[in-house]
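Have a look at the structure below, then the notes.
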There are 2 protein chains.
Amino acid sequence: MPIKLEDIRTRLHAKDYKLTPQRQLIVKVFSENPNEHLSAEDVYGLVKEEHPEIGLATVYRTLDLLAQLDILRVMNFGDGRSRYELTDIDDHHHHHLICLQCGTVAEFNDDLLESLEAVVQKRNGFKVQNHQLKMYGICKECQSKENEK
Amino acid sequence: MPIKLEDIRTRLHAKDYKLTPQRQLIVKVFSENPNEHLSAEDVYGLVKEEHPEIGLATVYRTLDLLAQLDILRVMNFGDGRSRYELTDIDDHHHHHLICLQCGTVAEFNDDLLESLEAVVQKRNGFKVQNHQLKMYGICKECQSKENEK
DNA sequence: GTACATGCAAATTCTTTGCAACCCA
DNA sequence: TGGGTTGCAAAGAATTTGCATGTAC
C-alpha cells in the first residue's frame with residue numbers, strides 16, 4: 001500500500017517542517033519506482049523531468065530529512081553512494097541479495113530475524129530498533145552465463 | 001587465532017603481488033587492534049607512528065588489495081567512510097550492533113543465518129557467498145544514561 | 001509575516017589516479 | 001633485472017554548506 005501524502009504532511013508538520021512541491025515530487029518518485037534503490041543522483045534525474053529547476057542540494061537535504069522521519073531508509077551496497085527506498089510496513093522482513101558479479105540488488109523476505117532480535121536484546125542488553133541483512137553472492141542470471149562458457 | 005604472516009605472503013605471491021613492509025605494517029595494525037572497525041584514515045594514523053613516510057594512497061591501495069584477497073572485510077556503518085576488519089574464520093557468525101545514539105559498533109555472534117542461506121539458495125537460485133547483518137538500536141550504556149535523566 | 005526551504009556555487013570529505021623513483025623476488 | 005609498489009600531488013566523486021532569495025502556512 002502506498003504512503004499517503006497527508007500522512008507525510010502530518011509527519012512534517014509535527015516537527016515544523018513544510019510540505020513543499022519539491023518534497024512531494026521526491027516522495028512521488030519513490031512511490032513510482034518501487035523495488036528500486038535510488039541514489040541521490042537517480043532521484044535528481046527523475047525529479048528533473050517534471051521540475052527541471054530543482055537543485056541537487058535540495059535532493060540531498062530532502063533525502064536526509066525523509067530518512068530522519070523514517071519515511072525513507074538509507075542503504076549502502078558498496079558502490080560509494082547512499083541508496084534510498086521507501087520504508088514499508090513489512091520492513092523488518094525485507095532484505096537484500098547483492099550480486100558480486102553484475103551488482104544487481106534483489107529483495108527477499110523472511111521473518112527469521114524477529115526471534116534473533118529478542119535474543120540480542122536479552123543477551124547484549126541492546127534495544128534493537130531495526131536491522132539490515134545483506135547476502136552477497138552470485139545471482140541466478142550470472143550463474144547461467146557462467147555455465148554457458 | 002592471529003593471521004600468520006607467511007600465510008599472507010603466500011596469498012599475495014599466488015597473484016604475483018609482493019609483501020612490502022607497508023603491507024606488513026598494515027596487517028599488523030589490524031592484528032593489534034582486534035574488534036575495531038578501522039577506517040583508512042585510522043589505519044594511516046596508526047601506521048604512521050612506526051613508519052611516518054607512508055602515503056595515504058598506499059593505505060587505500062593496500063586496504064583494497066587485502067579486501068580482494070579476502071584478508072580484510074569492508075563495512076559501512078553509515079558515517080560516510082569505509083571501515084575494515086580482519087576476516088576471521090568465524091566470519092559467517094559475526095555480526096554488528098550499531099548504536100544510533102553514540103555510534104558505537106559492537107559485535108555479536110550467532111549462527112542462525114546459516115540455515116537462511118540455504119533457504120535463499122533454493123528459493124531464489126542465488127548462490128550465497130557471504131552475508132552481513134547489522135542491527136540498529138540503543139546500546140546498554142545509552143539506555144542507562146537515558147534512565148538517569 | 002516569518003521561519004523554514006530552495007537554488008546556486010563554493011567548499012569539504014573521502015577516495016582514486018598519474019607518474020617518476022623505488023625495491024621485492 | 002623488471003614488474004609490481006610507493007609517495008606525492010593533482011584529480012574525481014559524493015555530499016555539505018553559505019547565503020541571498022523565495023514560499024508554505
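In what follows, chains are A, B, ... by sequence order, proteins preceding strands, each numbered from 1.
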> Would you say A:Arg23 and A:Tyr17 make side-chain contact, with heavy atoms under 4.5 Å?
Replying inline: yes
> In whole angstrom, what separates B:Met75's CE from C:dC14's C1'?
Replying inline: 17 Å
>> Which nucleotide wins on minimum distance to the side chain of B:His51, given the candidates D:dG4, D:dG7, C:dT15?
In response: D:dG7
>> Nearest to the side chain of B:Thr20, heavy atoms from C-beta on, is which of C:dT6, D:dT6, D:dA24?
In response: D:dT6
> Quick one: which of C:dA5, C:dC14, C:dA25 gets closest to the side chain of B:Arg81?
Replying inline: C:dC14
> Is the phosphate of D:dG7, meaning OP1 or OP2, less than 4.0 Å from a side-chain N or O of B:Gln22?
Replying inline: yes
> Which listed nucleotide (C:dT15, C:dG7, D:dT15) is nearest to the side chain of A:Tyr60?
Replying inline: D:dT15
> Among D:dT15, D:dC25, C:dC23, which nucleotide sits nearest the side chain of A:Ala40?
Replying inline: D:dT15
> According to a strict under-4.0 Å criterion, is B:Ser39 in side-chain N/O contact with OP1 or OP2 of C:dC14?
Replying inline: no
>> Here's a test of your reading of the structure: between B:Ser82 and A:Leu12, which maps to the more 5' nucleotide of DNA chain C?
In response: A:Leu12
>> Does this structure show an ion pair linking B:Arg83 with B:Glu36, if we count only N-O contacts that are shorter than 4.0 Å?
In response: no
>> It should be established whether B:Tyr17 places a side-chain nitrogen or oxygen under 4.0 Å from OP1 or OP2 of nucleotide D:dG4.
In response: no
> If you check the A:His13 side chain, which of D:dT6, D:dG7, D:dC25 turns out closest?
Replying inline: D:dC25
> CG of B:Asn76 versus C1' of C:dT13: gap in Å, rounded?
Replying inline: 14 Å
> Would a 4.5 Å heavy-atom cut-off, applied to side chains only, mark A:Leu133 and A:His96 as touching?
Replying inline: no
>> Reading DNA chain D from 5' onward, which residue's closest nucleotide shows up sooner: B:Pro21 or B:Lys18?
In response: B:Lys18
>> Under 4.0 Å, heavy atoms only, any strand: does B:Glu41 hit a base, just the sugar-phosphate, or nothing?
In response: nothing
> Relative to the 5' end of DNA chain C, which residue comes earlier, B:Arg9 or A:Thr58, by the nucleotide with the nearest heavy atom?
Replying inline: A:Thr58
>> What's B:Pro52 touching, base or sugar-phosphate or nothing? Going by heavy atoms closer than 4.0 Å.
In response: nothing
>> Can you tell me which residue among A:Ile71, A:Leu65, A:Leu72 is in a side chain to side chain contact (heavy atoms under 4.5 Å, CB included) with A:Gln68?
In response: A:Leu65
>> Is A:Arg61 close enough to C:dA5 that one of its side-chain N or O atoms is under 4.0 Å from OP1 or OP2 there?
In response: no
> Between atom CG in B:Leu56 and atom P in D:dG12, what is the gap in whole Å?
Replying inline: 18 Å
> A:Ile8 CD1 to D:dA24 C1': how many Å, rounded?
Replying inline: 17 Å
>> More than 12 heavy atoms of other residues, nucleotides or ligands under 6.0 Å from NZ of A:Lys134: yes or no?
In response: yes
>> Let's see if you can work this out: which of D:dC25, D:dG7, C:dA9 has an atom nearest to the side-chain heavy atoms of A:Ala57?
In response: C:dA9
> Reckon B:Asp16 touches a base, only the sugar-phosphate, or nothing at all at heavy-atom distances under 4.0 Å?
Replying inline: sugar-phosphate
